[in-house]
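See below for the structure under consideration.
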Amino acid sequence: MISISFPDGHVREFEDGVTPLEVAASISEGLARNVLGASINDAAWDLTRPIHQDSSIVLHTWDSSEGKATFWHSSAHLLAEALEALYPGVQFGIGPAIDQGFYYDVDLGDHSLSVDELPKIEAKMKELAQHKSVFTRQAVSKSEAIRFFTDKGDDYKLELIDELEDGTITFYQQGNFTDLCRGPHLPDTSKIKAIKLMSVAGAYWRGDEKRKQMTRIYGVTFPKQKMLTEHLALLEEARKRDHRKLGTELELFMFSEKVGAGLPIWLPKGTALRTRLEDYLKDEQLRRGYKPVITPHIGKKDLYVTSGHYEKYGEDSFQPIQTPRENEEFFLKPMNCPHHCEVFGHKPRSYRDLPVRIAEFGTVYRYEQSGELHGLTRVRSFTVDDAHIFCTPDQLKDEFLDVLDLTMHVIKKLSFENFTAQVSLRDPENKSKYIGSDENWEKAEAMIQEAAAEVGLDTVVELGEAAFYGPKLDFMVKDALGRSWQLGTIQVDYNLPERFQLEYIGSDNEAHRPIMIHRAPFGSMERFIGVLIEHTGGKFPLWLSPEQFAILPISDQFQSYAEDVKGQLFAAGLRGYIDGRTESIGRKIRDTELKKVPYMLIVGEKEAGTGTVGVRKQGEGDQGSMPVEDFAELLKGLL
RNA sequence: GCCGAUGUAGCUCAGCUGGUAGAGCAGCUGAUUUGUAAUCAGCUGGUCGGGGGUUCGAGUCCCUCCAUCGGCUCCA
């Protein structure tokens, strides 16, 4: 007998060799039916794999991420089995579960797979799932594993095996398909009831663009058809919130083929929104002692040689602009920091003047590869709500904490509750990618983690995500389709002050090197607003909304009363317009609803006679009528 | 940049195996003066993404460039 302990603490005795599935069955029939995977002593475990020692157990159902991962990983194997049946000779890379499903990277030789073939593969998967093929786990020696895939002719698997320890290698087989795999898997394929292959994409083998590009097939599966239907409906809803679609519909911004790809053009409504966001941060920064500056959009090549940007990105930037006579070379600025370093350095600085906080909404231009461009979230020209803080080592922590406070303030103000704080450190395997001494890097990296811990911020650490001059604390937010974007960022930098030979005179009358903090709470106005559009679905908070109200006269006769109301509301500091078209009230309401103007004010005979407005809230309908001044107060209370 | 797909009026889309473009909405004009999500009628509007080719004839086929979409790689 062995004893097995459960997450709630209680312990029960079972026969030696009991399987998690049997354990589940001993609890309830329903659990046995719904369980998808298990963890034994925190290690992933197949439901049908015997347990031979005293253990702790966690049973995973669909409601847990482990349960879903097991389900989707098994689905990837099912996809592979179908592909092997339909495309003999296909070679397999990797096929993991991901956030919303799974994929498998395959090499189909000369055949280029088109989306039209997906239904056929889907059908094959369904057919194979119904065979109720059992997933069998088999430990194999490294030489056996190599022999198997050599015979099969799968170079990718051989490369993977090459990196594995002998004695740790397992195969999983279901039906006629055998794969190198760590597991775990479902007991059999029959649980996979609903299958949808989503898309086909290219993906470099092992993520290396110098290696072969494989075909990646994305799919998602569910234990019930209804869940798939709901999932697809949810995706459809998310597409409606796509900022590229809403941005066009609400006339916030546009792109023009003539102006150029990745160069957003802000339309009046988008500009109104963006300006309000900028003004809000500018005010906040003034209160916190930032000094706004304005610097040019280009800078001499030498500036970027000094900063190190030229060496790092010179080839991958927009190429220099040359003056016609002198052949001087200027680059469009890809960052504001070199300019700001010059601002700091323009006069002698005393320790008494520090910290110096130089702020600028600076527009920068970066060459992004054509395939990378994406609405407002990945563009070639964007405006950073940038500032650079130059301080003494003693001040660093406090300055960092103040920046953190400001960033959290912004995130809260815009209700981005679901962010991830990511500590982006350098890749210890590849230090040559970065400038500066190990000592400075270590100091900076330690400081960021310390400060984050101090304010109780939950962070995830990512190695290799640092900027080339320093580590970062990045705030990541997901878009409507679940893609993660970096918004706010705080970076500690010991290196640029050195490269620019920046100094201040300390109380000891000696020259010292300041430390620099780069920070941008929004990150980029473009990306921030792109993500904001998706979060709000275009229904912006009242203080940001380009129009706060629309006055809808029932007929022409009430035009002058409408003007009257508008005058009163303008006087109260609110903004809006009159829809004076000769249209039915139903029509005006519909159009205004679609424009997502927060409040509609219906004015007709009743209202004109009593000095009131009929208030209708966007998306919520009629709110009854109230005196104009009450409405003004109501709105001001909401700002 | 790479793999795959798409590109027809301002927007959403139709256009079969090649025979020289069509709808709804928007816009304009007129009528309607309207009470909480589309009043009616008429009209305008497209070098079918650009260029090249095949063909008697190309929105439909081929090449190429551009842009967009889904990914990969990259992201100071």
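To find a chain, count down the sequence lines: A is the first, B the second, and so on, and within it residues start at 1. Note that the structure is a prediction, hence the values are computed from the model and not measured.
- Judged by distance alone with a 3.5 Å cut-off, a donor-acceptor contact links the side chain of A:Tyr204 to the base of B:rG1.
- Using a 4.0 Å cut-off between charged nitrogen and carboxylate oxygen, A:Glu360 and A:Lys333 count as a salt-bridge pair.
- At a non-hydrogen distance threshold of 4.0 Å, A:Ile602, A:Gly604, A:Glu605, A:Lys606, A:Glu607 from residues 600-613 of chain A come into contact with RNA chain B.
- Closest approach to the A:Arg366 side chain among B:rA37, B:rG35, B:rC75 is made by B:rC75 (side chain taken as heavy atoms from C-beta onward).
- Salt-bridge check for A:Glu159 with A:Arg211: passed, with a basic side-chain N closer than 4.0 Å to an acidic carboxylate O.
- Here A:His73 and A:Phe102 keep their ring centres 6.0 angstrom or further from each other.
- Within the nucleic acid shown, A:Arg216 comes within 4.0 Å of sugar-phosphate atoms alone, with no base atom in reach, counting heavy atoms only.
- For A:His518, the ring-ring contact (aromatic ring centres under 6.0 Å, His included) partners two or more places apart in sequence, or in a different chain, are A:His388, A:Tyr469.
- The 12-atom threshold is not exceeded at NZ of A:Lys196, counting heavy atoms of other residues, nucleotides or ligands nearer than 6.0 Å.
- Put simply, A:Arg244 has no side-chain N or O that comes within less than 4.0 Å of OP1 or OP2 on B:rU68.
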Which atoms of nucleotides 3-5 of chain B (N or O only) lie under 3.5 Å from a protein N or O atom, and what are those distances?
{"unit_1": "B:rC3", "atom_1": "O4'", "unit_2": "A:Gln213", "atom_2": "OE1", "d": "2.4"}
{"unit_1": "B:rC3", "atom_1": "O2", "unit_2": "A:Gly202", "atom_2": "N", "d": "3.0"}

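- Between A:Gly260 and A:Ser370, the residue anchored closer to the 5' end of RNA chain B is A:Ser370, taking for each the nucleotide with the nearest heavy atom.
- Residue A:Tyr218 is in sugar-phosphate contact alone, with no base atom involved, counting any heavy-atom pair closer than 4.0 Å across all strands shown.
- Here the options are A:Trp485, A:Phe475, A:Phe382, A:Phe416, the test is ring-ring contact (aromatic ring centres under 6.0 Å, His included), and the partner is A:Phe528; only A:Phe416 passes.
- On the P atoms, B:rG4 is 14 Å away from B:rC65, given to the nearest whole Å.
- Here A:Lys240 does not pair with A:Glu236 in a salt bridge; the nearest charged N to carboxylate O distance is not below 4.0 Å.
- Under a 4.0 Å N-O distance rule, the pair A:Asp242/A:Arg244 qualifies as a salt bridge.
- Under 4.0 Å is where a charged nitrogen must lie from a carboxylate oxygen, and between A:Asp479 and A:Arg241 no such pair does.
- Separating the CD atom of A:Gln623 from the C1' atom of B:rA37 is a distance of 15 Å, rounded to the nearest angstrom.
- Taking only side-chain nitrogens and oxygens, A:His374 comes nearer than 4.0 Å to OP1 or OP2 of B:rG70.
- Taking the charged nitrogens against the carboxylate oxygens, A:Arg378 and A:Glu368 do have a contact shorter than 4.0 Å, which makes a salt bridge.
- Side-chain atoms of A:Arg378 and base atoms of B:rC74 include a donor and an acceptor less than 3.5 Å apart.
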**Message:** Using a 4.0 Å heavy-atom cut-off to protein, can you give one letter per nucleotide of nucleotides 38-51 of chain B, 5' to 3': B if the base is in contact, S if only the sugar-phosphate is, - if neither?
**Reply:** BB------------

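- If you check B:rC74, B:rG71, B:rU68 against the side chain of A:Gln369, the one that comes closest is B:rC74.
- Taking A:Tyr310 as the reference, A:Phe331 meet the ring-ring contact (aromatic ring centres under 6.0 Å, His included) condition, with sequence neighbours excluded.
- A:Arg616 and A:Asp622 are not joined by a salt bridge, as no carboxylate oxygen comes within less than 4.0 angstrom of a charged side-chain nitrogen.
- Nearest-nucleotide assignment on RNA chain B puts the 5′-proximal partner with A:Thr248, out of A:Leu481 and A:Thr248.
- Here B:rG70 is the nucleotide among B:rG70, B:rA37, B:rU36 with the atom lying nearest to any side-chain atom of A:Ser199.
- Within the 4.0 angstrom heavy-atom criterion, only backbone atoms of the sugar-phosphate kind lie near A:Gly207; the bases stay farther away.
- One can place CD of A:Glu462 at 14 Å from P of B:rC75, the figure rounded to the nearest angstrom.
- Of the candidates B:rA67, B:rG1, B:rC75, the closest approach to any side-chain atom of A:Arg527 belongs to B:rC75.
- For the pair A:Gln618 CD and B:rA37 C1', the interatomic distance rounds to 11 Å; values are reported in whole Å.
- Residue A:Arg211 places no side-chain N or O under 4.0 Å from the OP1 or OP2 atom of B:rC2.
- Look at A:Lys212 and A:Asp155 and you find no salt bridge, because none of the NZ, NE, NH1 or NH2 atoms lies under 4.0 Å from a carboxylate O.
- A:Phe255 comes within 4.0 angstrom of no nucleic acid atom, judged by non-hydrogen atoms across all strands.
- Across B:rG46 and B:rU12, the matching C1' atoms stand 16 Å from one another, rounded to whole Å.
- Counting any heavy atom pair closer than 4.0 Å across all strands shown, A:Ile554 reaches a base atom.
- Using a cut-off of 4.0 Å between Lys/Arg side-chain N and Asp/Glu carboxylate O, A:Glu399 and A:Arg357 are scored as salt-bridged.
- Salt bridge annotation for A:Lys472-A:Asp474: present, with a cationic side-chain nitrogen under 4.0 angstrom from a carboxylate oxygen.
- Annotated stems with RNA chain B as a participant read B:1-7 with B:66-72, B:10-13 with B:22-25, B:27-31 with B:39-43, B:49-53 with B:61-65, given as range with range, by first number; only runs of 3 or more Watson-Crick or G-U pairs under 3.5 Å qualify.
- One interatomic measurement links the two molecules: NZ of A:Lys196 to C1' of B:rG70, which rounds to 14 Å at whole-angstrom precision.
- Put simply, A:Arg483 has a side-chain N or O that comes within less than 4.0 Å of OP1 or OP2 on B:rG70.
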